[in-house]
Amino acid sequence: MLPKPSLSRFSFVHLFVSCDAFFFVSLQLFSIFAFATCGGYTGQLQVSVDCMEKASSNLSIGIDFGYPFRLHQVSFEAPMCEAMRRERVFLTGDYSSSAEFFVTIAVFAFLYSLVAAIIYIFFLNKYRENSRAPLIDFVVTVVFSFLWLVSSSAWAKALSDVKVATDPDEVQLLISACKDQTNKCGSLHGPRWSGLNTSVVGTKDVEMHEKIN
């Protein structure tokens, strides 16, 4: 009697490698998005302060910020509308931990995907001969999937807070002269978020970001 057909270890490894290929492609895309959008981001917003005493006015105050989004260290000078006096104003919030965590996971994910691709292409026979290799590969894949989800969710929430903290209307509230109704403050333009929105594609918070933007 012929033995019943069964899934050999070779077939299992082949199946696992095939399924893992999609994950590694996703990892590399995730890494590229993180490098190109979050890690290298710089943004600028502009506000204006039109004092009752026109000589003290500044109608174009540029405020630059970027990765890793330590906004509490970002400052700019604004007129106080009192005898040419000026004040140094700081933005609020520190979102560096979420941003750096997101980019760090992307770095390791990219390196891991490169190493795995090299093994699959050049050392596949040895990979198949080692009974522990698929198990280790599976565990590492699960770990990276979990870290990917956690880092993306944390960064999506941080991005939402960064958008609020750098909203020109919110920044005006930090300027002393803007609290006096005799002075006129305005928003010239806000930061562009298209790149950072790309970095959180695939998370459940994307729609919330688009509404804020």
Side-chain angles (χ1 to χ4, degrees), residues 22-48 61-78 87-114 140-176 178 185-213:
F22 174 77
F23 177 76
F24 290 131
V25 171
S26 300
L27 273 183
Q28 292 200 352
L29 290 176
F30 161 74
S31 304
I32 292 172
F33 283 152
F35 294 148
T37 58
C38 181
Y41 178 83
T42 57
Q44 185 188 71
L45 63 136
Q46 284 190 344
V47 297
S48 64
I61 303 175
I63 307 168
D64 299 309
F65 67 97
Y67 177 85
F69 305 100
R70 294 188 177 94
L71 299 184
H72 66 294
Q73 297 179 357
V74 177
S75 63
F76 61 95
E77 286 191 351
E87 66 173 342
R88 181 161 294 278
V89 182
F90 288 83
L91 299 183
T92 59
D94 182 2
Y95 309 99
S96 59
S97 58
S98 296
E100 290 174 339
F101 179 47
F102 177 72
V103 173
T104 299
I105 295 301
V107 170
F108 283 105
F110 183 75
L111 294 176
Y112 172 63
S113 64
L114 284 182
V140 175
T141 300
V142 171
V143 170
F144 267 113
S145 299
F146 175 74
L147 292 177
W148 182 347
L149 177 62
V150 171
S151 64
S152 297
S153 298
W155 169 233
K157 175 61 172 63
L159 176 56
S160 175
D161 295 336
V162 169
K163 288 183 176 182
V164 173
T166 56
D167 187 316
D169 293 333
E170 294 292 327
V171 173
Q172 290 178 41
L173 301 178
L174 304 175
I175 303 174
S176 299
C178 295
C185 296
S187 303
L188 300 182
H189 71 77
R192 295 183 178 180
W193 300 113
S194 56
L196 288 184
N197 285 340
T198 304
S199 70
V200 294
V201 168
T203 67
K204 63 182 179 180
D205 299 281
V206 172
E207 291 184 0
M208 178 176 65
H209 294 328
E210 294 296 341
K211 291 180 181 179
I212 293 176
N213 191 32

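What you see below is based on every heavy atom in this structure, not just the backbone, and it leaves out hydrogens, waters and symmetry mates. Numbering of residues begins at 1 and proceeds along the displayed sequence.
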Inset, instruction - Not counting sequence neighbours, which residues clear side-chain contact (heavy atoms from CB on, under 4.5 Å) with Leu111? List them please. - result: Val107
Inset, instruction - Please report the closest heavy-atom contact between Gly190 and Leu45, naming both atoms and the distance. - result: CA-CB, 4.2 Å
Inset, instruction - To the nearest 0.5 angstrom, please state how far the CD atom of Gln44 sits from the CG atom of Leu188. - result: 10.0 Å
Legend entry - Flag side-chain contact, heavy atom, 4.5 Å: Phe108 against Leu147: no
Inset, instruction - Look up atom CG in Leu71 and atom CZ in Phe90, then write down how far apart they are to the nearest 0.5 Å. - result: 12.5 Å
Can you list, pair by pair, the side-chain donor-acceptor contacts under 3.5 Å of residues 91-103, counting residues two or more places apart and other chains?
unit_1	atom_1	unit_2	atom_2	d
Asp94	OD1	Ser96	N	3.1
Asp94	OD1	Ser96	OG	2.8
Glu100	OE2	Arg70	NH2	3.1

Legend entry - Thr166 OG1 to Asp64 CG distance, which is reported to the nearest 0.5 Å: 12.0 Å
Inset, instruction - Measure the acute angle between the ring planes of Tyr41 and Phe65, then classify it against the limits of 30° and 60° as parallel, tilted or perpendicular. - result: tilted
Inset, instruction - For Phe69 and Leu196, run side chain to side chain contact (heavy atoms under 4.5 Å, CB included): C-alpha distance rounded to whole Å, both residues' side-chain angles, the deciding distance at 0.1 Å, then the answer. - result: CA-CA 12 Å; Phe69 305 100; Leu196 288 184; 3.9 Å; yes
Inset, instruction - With sequence neighbours excluded, tell me which residues meet side-chain contact (heavy atoms from CB on, under 4.5 Å) with Cys178. - result: Val49, Gln172, Ile175, Cys185
Legend entry - Those residues that, when tested against Glu170, pass salt bridge (charged side-chain N to carboxylate O under 4.0 Å, His left out) (two or more places apart): none
Legend entry - Interatomic spacing from CG in Leu159 to CG in Asn197 - rounded to 0.5 Å: 6.0 Å
Inset, instruction - Considering only NZ, NE, NH1 and NH2 on the basic side and carboxylate oxygens on the acidic side, decide whether Asp161 and Lys157 come within less than 4.0 Å. - result: yes
Inset, instruction - Can you measure from CD1 (Ile105) to OH (Tyr112) and round to the nearest 0.5 angstrom? - result: 13.5 Å
Inset, instruction - Find the distance between CH2 (Trp155) and OG (Ser160) and round it off to the nearest 0.5 Å. - result: 10.5 Å
Legend entry - Results of side-chain hydrogen bond (donor to acceptor under 3.5 Å, both in side chains) for Glu87 - residues two or more places apart only: Ser176
